Amino acid sequence: MIHSANHQAGPGCCGLGQRRALVPSSTRSTPSLGRTRPSIETFRRRTPVPSVLSVTTVRATAEKAAVETEGGESSIPAIGNTARTIVDLVSHGTLSTVSEDGSPLGTFVTYVLDRKGQPILRLRSSAVHTQNLLRSPRCSLFVQPEDLPARRLARVSLLGSVTKLSEDEEPFFRESHAKVHGEAVGVDAVRKDDLLYRLKVDDCFYVGGFGSSKCAESVGGEAYAEAELDPLRTAAAEIVSQWNKERAEDIVRICKQESGVSLQQLSYAELMWIDRLGMYIDYYTDSGEHSTLRVPFPRPVEDERDARSIITMTAQLAWERDRNYIPIIPPL
């Protein structure tokens with residue numbers, strides 16, 4: 001079944017994507033996280049000054065991150081995988097077609113996906129964009145999550161041509177549309193006479209966030225179709241929100257250890273996104289510098305439970321390093 005997963009970022013991610021005012025931590029109020037969040041200053045008073053560690057930082061202005069896990073695999077998902085993940089997270093977009101006079105037209109459209117990630121568009125027979133497609137099937141579909149933090153992950157434009165579904169395919173995808181979009185009302189309400197067209201993706205323009213180059217990159221249609229969905233895509237927003245609300249000090253500690261920025265210099269830190277290979281943390285220093293930190297996992301995670309375990313382990317290791325803790329091994 002196709003799921004629409006526009007997760008709300010929740011109170012733990014309020015203010016994401018907005019530039020925070022940078023004032024001394026002792027006087028700056030942090031964004032609301034659903035409960036009182038320990039200030040950086042409070043954390044400073046009870047934490048020893050750390051030594052500077054080797055770091056892996058993906059800055060917001062960096063062109064490309066080149067981080068590897070122990071196994072040699074890049075710690076950042078391939079852009080094809082992220083593109084497929086974004087399109088799967090969302091179930092609507094802006095369909096661009098060419099009008100009869102040659103002018104472009106962008107309109108709202110809903111979709112579900114087939115097994116290869118090809119959008120199955122639901123169109124009204126009388127709609128202008130449908131008439132445009134009957135004249136010229138070439139079109140594009142722009143997709144970007146509405147809600148933070150997923151909205152900052154990436155945005156994609158799928159380019160290709162549409163073809164009408166065969167009669168044997170229609171029942172399954174009509175049912176899928178009804179399950180995903182059945183609550184729509186008015187002009188967006190699902191109707192029995194809706195037309196279903198498949199957009200065969202020939203190319204995908206991808207613009208990434210979180211420390212990427214912010215420049216459009218191309219993913220071929222075949223590479224897009226064969227790309228893998230991230231197993232944490234429907235759970236990531238909830239994990240981010242929970243850790244920012246309930247484990248804020250752990251996020252600060254991880255950021256401090258992995259960035260090499262001392263607690264005395266760190267102004268703010270917030271978990272932004274998590275995927276199977278690692279997580280992103282945004283942080284500010286007291287000097288006003290903003291960076292996005294990529295923290296790779298020691299291995300790819302398999303599911304939500306595995307991800308929570310890995311983050312907890314990362315927080316524990318940061319705590320031990322913070323205190324120069326050396327475990328005592330009992331004699332055999």
Side-chain angles (χ1 to χ4, degrees), residues 1-7 63-65 73-98 104 106-123 129 133 136-146 150-166 169 172-173 176-177 180-181 196-234 236 273-278 280 300:
M1 182 178 73
I2 307 297
H3 296 278
S4 174
N6 292 328
H7 290 286
E63 290 189 356
K64 184 72 68 174
E73 180 182 9
S74 171
S75 76
I76 298 178
I79 61 174
N81 293 347
T82 303
R84 275 291 304 272
T85 296
I86 288 294
V87 176
D88 186 82
L89 278 171
V90 187
S91 58
H92 62 272
T94 300
L95 178 68
S96 295
T97 59
V98 179
T107 52
F108 175 85
V109 69
T110 60
Y111 65 83
V112 293
L113 299 173
D114 65 15
R115 293 181 179 179
K116 292 293 186 179
Q118 311 296 300
I120 308 300
L121 308 176
R122 181 175 61 86
L123 308 173
H129 56 215
L133 291 173
S136 174
R138 295 287 297 169
C139 62
S140 69
L141 178 66
F142 173 80
V143 178
Q144 183 178 27
E146 289 184 351
R151 185 175 179 82
R152 283 193 57 191
L153 182 59
R155 58 181 181 265
V156 300
S157 294
L158 305 178
L159 287 71
S161 300
V162 297
T163 56
K164 197 173 186 302
L165 286 189
S166 62
E169 290 182 296
F172 173 79
F173 287 109
S176 296
H177 267 282
V180 176
H181 305 288
L196 298 181
Y197 278 77
R198 173 182 281 108
L199 171 57
K200 183 182 181 302
V201 178
D202 296 326
D203 200 1
C204 170
F205 281 135
Y206 170 92
V207 180
F210 293 136
S212 69
S213 66
K214 308 298 191 299
C215 297
E217 300 179 72
S218 178
V219 179
E222 185 175 347
Y224 168 83
E226 298 301 325
E228 297 180 2
L229 293 169
D230 191 273
L232 301 182
R233 63 192 182 281
T234 59
W273 190 253
I274 176 175
D275 54 61
R276 63 186 288 269
L277 299 179
Y280 290 102

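The structure displayed is predicted, hence computed values, not measured ones. Basis for what follows: all heavy atoms, side chains included, without hydrogens, waters or symmetry-related copies.
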State the OG-CG distance between Ser161 and Leu199, to the nearest 0.5 angstrom. 8.0 Å
With a 4.5 Å heavy-atom cut-off, do Thr163 and Lys200 have their side chains touching? no
Where Val162 and Cys139 come nearest, the two heavy atoms and their spacing: CG1-SG, 3.7 Å
Do Leu123 and Val109 come close enough that some side-chain heavy atom pair is under 4.5 Å? yes
Considering all heavy atoms, the nearest Pro145-Ala154 contact: CD-O, 3.7 Å
Supply the atom-to-atom distance Tyr206 OH to Thr82 OG1, rounded to the nearest 0.5 angstrom. 4.0 Å
Set of side chain to side chain contact (heavy atoms under 4.5 Å, CB included) partners for Pro231, sequence neighbours left out: Arg276
Can you find a pair of side-chain heavy atoms, one from Ser136 and one from Thr97, that are under 4.5 Å apart? no
When rounded to the nearest 0.5 angstrom, what is the spacing between CG in Leu159 and OH in Tyr224? 12.0 Å
Least distance between heavy atoms, Gln144 atom then Arg151 atom: NE2-O, 3.3 Å
So does Glu169 have more than 12 non-hydrogen atoms from other groups sitting under 6.0 Å from CD? yes
According to side chain to side chain contact (heavy atoms under 4.5 Å, CB included), who are the partners of Thr107, at least two apart in sequence or on a separate chain? Leu95, Leu105, His129
To the closest 0.5 Å, what do you measure between CG (Leu229) and CG (Asp88)? 5.0 Å
Spacing of OG belonging to Ser218 relative to CD1 belonging to Ile79, to within rounding of 0.5 Å: 7.5 Å
Quick one: do the Thr85 and Arg233 side chains pair a donor with an acceptor below 3.5 Å? no
If we only count heavy atoms from C-beta on, is the Pro119 to Leu158 side-chain gap below 4.5 Å? yes
Which residues satisfy the side chain to side chain contact (heavy atoms under 4.5 Å, CB included) test with Ala227, sequence neighbours excluded? Asn81, Arg84
Which atoms form the tightest heavy-atom contact between Asp202 and Gly160, and what is the distance? OD2-CA, 3.5 Å
Using a 3.5 Å distance criterion without hydrogens, assess whether the side chain of Gln118 forms a donor-acceptor pair with backbone atoms of Val201. yes
With a 4.5 Å heavy-atom cut-off, do His177 and Leu196 have their side chains touching? yes
Is the shortest heavy-atom distance from the side chain of Phe173 to the side chain of Arg198 under 4.5 Å? yes
Interatomic spacing from CZ in Phe108 to OG1 in Thr94 - rounded to 0.5 Å: 8.5 Å
So Ile76 and Tyr280, do their side chains get closer than 4.5 Å, heavy atoms only? yes
Between His181 and Tyr111, is there a donor-acceptor pair closer than 3.5 Å when you use the side chain of the first and the backbone of the second? yes
Arg152 side chain reached by Trp273 side chain, heavy atoms, under 4.5 Å: no
